[in-house]
Amino acid sequence: MRAGPSQEEIRRHNLGALLRHVHLSGPTSRAELTSRMGLNRSTIMALTADLTAAGLVREELPRETGRAGRPSLVVRPESARVYVFALDVGVDRLVAARVGLGGTILDRRETVRRRGDFSLEEIVGPLAAFTRQMHRRTRPDTVCVGVAAAFSGGVGHGDGVVRFGPNMVTVDDVPFAEEMTRRLAFGLPVTVGNDANLAALAEQTRGVGVGCRDLVYLHGDVGVGGGVIVNGQLLGGHLGFGGEVGHMIVNPDKGRLCGCGSHGCLEAEVGERALLEAAGRFGSRVGRDAVRAAVDAADRGDVVAQAALSRVGDWLGLGVSNLVNLFNPEMVVFGGTLREIYLGSAAQVRSRLALDALAPCREQLRLRTSALGDDATLVGAAELAFSQVLADPLEVLARAGS
């Protein structure tokens with residue numbers, strides 16, 4: 001017979017749960033924490049005292065209460081003291097940010113990445129330089145509790161090795177996490193996740209999907225990625241490659257060639273190249289600005305751009321219909337360049353849903369655009385970096401401090 005959790009395990013769990021509430025919700029009163037966590041006031045007071053002593057939170061009187069009687073102290077995250085580094089490796093950009101507890105971006109660096117053959121050095125070099133620059137600017141009393149990266153490619157469970165990345169050309173079993181950890185030499189392992197998966201978690205915790213337990217996130221860049229959240233948990237799959245919705249076949253007979261080698265993948269039919277070629281705009285400009293310019297041209301009456309957007313929207317609607325039938329999500333979120341593409345082709349997407357999605361699955365479905373915009377993947381990387389300190393605050397802080 002298995003024994004129940006010890007008092008220390010319960011305390012560790014409650015410390016993490018309280019810190020997570022403050023991290024995600026911002027300044028929160030003791031009274032509200034008591035209500036949310038279902039614990040008594042003396043327990044909440046003891047937990048906040050431990051976290052305050054560790055330098056993770058601070059307690060203050062509320063600025064205004066509007067109520068008679070003794071006000072409940074407000075618990076605030078120590079955003080300026082406790083932080084992580086979040087990295088974002090996209091097809092054509094590299095971003096590094098120092099993010100404080102509570103999700104506040106304290107410092108940020110960004111550069112353009114040239115498209116073409118993948119070189120580990122051209123990724124790790126700039127990101128390591130950016131991170132060291134930001135680290136040198138921190139005060140002596142601050143502490144880094146994690147480093148994580150969002151990568152535009154398939155990343156297996158736990159090892160930080162990028163197994164594939166059709167739009168990064170030559171990516172194949174690249175030990176990105178190991179090399180990044182070595183170059184930074186912070187004494188902290190770098191964790192890595194697929195960019196669309198992390199963006200899905202970011203939208204669920206900090207974006208348009210807060211409170212939503214069943215969500216599909218679709219991310220447009222050069223290709224299309226996705227993250228599927230079922231009953232509050234990210235669907236990772238057996239080896240960690242779950243959610244590659246961009247490589248779902250939607251047009252097998254006459255489909256366009258995809259970077260993965262197949263024909264008719266969703267990303268081949270709705271990605272950057274498909275839209276720009278159909279709009280007669282491919283070649284002169286590429287990237288997010290080019291996609292947004294094509295959508296804007298359609299909105300201003302360009303008939304060629306309108307026809308291209310209608311075609312892409314039809315394929316997008318077919319892909320969404322398949323995902324809705326498979327997962328019955330409460331919400332589908334369009335992020336990256338798919339945000340603009342969806343806004344410009346919503347009629348086609350909804351028409352396809354009406355035709356191809358099962359009625360019970362679409363009845364209460366909400367279609368939304370990302371609230372975090374181009375930073376969704378970066379925010380997701382930050383949340384991945386914070387995950388250990390939220391699971392065991394005092395242990396992780398002690399280890400990081402030493």
Side-chain angles (χ1 to χ4, degrees), residues 83-99 109-111 113-136 138 143-199 201-202 221 225 227 234 236-244 377-392 395-397 399-402:
Y83 66 90
V84 299
F85 287 112
L87 314 174
D88 187 6
V89 182
V91 175
D92 50 17
R93 73 168 188 164
L94 301 174
V95 187
R98 187 167 70 91
V99 183
R109 304 283 190 280
E110 183 170 343
T111 189
R113 176 189 176 269
R114 67 172 181 84
R115 295 187 182 187
D117 289 346
F118 179 92
S119 161
L120 185 58
E121 175 57 31
E122 75 173 11
I123 301 294
V124 171
L127 289 175
F130 286 161
T131 304
R132 287 195 296 266
Q133 288 169 15
M134 291 186 286
H135 188 256
R136 285 195 294 268
T138 60
V143 59
C144 176
V145 295
V147 185
F151 202 104
S152 181
V155 183
H157 279 314
D159 61 6
V161 175
V162 181
R163 302 292 181 186
F164 59 87
N167 296 304
M168 303 287 272
V169 185
T170 57
V171 173
D172 186 19
D173 287 357
V174 175
F176 175 78
E178 179 184 337
E179 182 61 18
M180 200 75 217
T181 299
R182 186 187 70 80
R183 290 288 290 272
L184 291 178
F186 285 171
L188 293 168
V190 175
T191 52
V192 186
N194 170 263
D195 58 350
N197 282 343
L198 294 182
L201 291 173
D221 197 343
L234 183 69
H238 174 54
L239 297 176
F241 306 124
E244 286 291 338
T377 49
L378 185 70
V379 172
E383 293 307 314
L384 177 61
F386 276 120
S387 59
Q388 287 194 5
V389 76
L390 296 179
D392 193 351
E395 171 64 25
V396 172
L397 191 66
R399 191 164 63 242
S402 64

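- Nearest heavy atom pair, residue Gly225 against residue Ala196, reads C-CB, 3.6 Å.
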| Can you check side chain to side chain contact (heavy atoms under 4.5 Å, CB included) on Gln133 and Arg98, steps first, answer last? | CA-CA 10 Å; Gln133 288 169 15; Arg98 187 167 70 91; over 6 Å; no
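- Among the candidates Val84, Leu184, Thr181, the single residue satisfying the side chain to side chain contact (heavy atoms under 4.5 Å, CB included) test with Val147 is Leu184.
- Across Gly154 and Phe241, no two heavy atoms sit closer than the pair C-CE2, 3.9 Å.
- Here the CG atom belonging to Asp392 is positioned 10.5 Å from the CG atom belonging to Leu397, to the nearest 0.5 angstrom.
- The two residues Val99 and Phe386 have their closest heavy-atom pair at O-CZ, 3.4 Å.
- Within 6.0 Å of CD in Glu178 there are 12 or fewer heavy atoms belonging to other residues, nucleotides or ligands.
- Remark: Glu179 CD to Arg182 CZ distance equals 4.0 Å, nearest 0.5 Å.
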| task | Could you give me the CA-CA distance, side-chain angles and deciding distance for Arg132 and Phe85, then say whether side chain to side chain contact (heavy atoms under 4.5 Å, CB included) is met? | result | CA-CA 10 Å; Arg132 287 195 296 266; Phe85 287 112; over 6 Å; no
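- We find the CG-CD1 distance between Leu94 and Ile123 to be 4.5 Å, quoted to the nearest 0.5 Å.
- Across every non-hydrogen atom of Ser152 and Val91, the tightest pair is OG-CG2, 3.8 Å.
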| task | Check the pair Glu383, Leu201 against side chain to side chain contact (heavy atoms under 4.5 Å, CB included), reporting the backbone distance first and the verdict last. | result | CA-CA 8 Å; Glu383 293 307 314; Leu201 291 173; over 6 Å; no
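- Looking at every heavy atom in both residues, Arg113 comes nearest to Gly90 through CD-O, 3.8 Å.
- Between Glu395 and Arg399, at least one side-chain nitrogen of the basic residue sits less than 4.0 Å from a carboxylate oxygen of the acidic one, meeting the salt-bridge criterion.
- Here the straight-line distance linking atom CZ of Arg114 with atom OG of Ser119 works out to 7.5 Å at 0.5 Å rounding.
- The two atoms that bring Val95 and Leu127 nearest to each other are O-CD2, 3.6 Å, heavy atoms only.
- Here the straight-line distance linking atom OG1 of Thr131 with atom CZ of Phe186 works out to 6.0 Å at 0.5 Å rounding.
- To the nearest 0.5 Å, atoms CD (Glu110) and CG (Leu378) are separated by 9.0 Å.
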| task | Take Arg163 and Asp173 through the side chain to side chain contact (heavy atoms under 4.5 Å, CB included) test and state the conclusion after the steps. | result | CA-CA 4 Å; Arg163 302 292 181 186; Asp173 287 357; 3.2 Å; yes
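- Under a cut-off of 6.0 angstrom, the local environment of CD in Gln388 is sparse, with at most 12 non-hydrogen atoms contributed by other residues, nucleotides or ligands.
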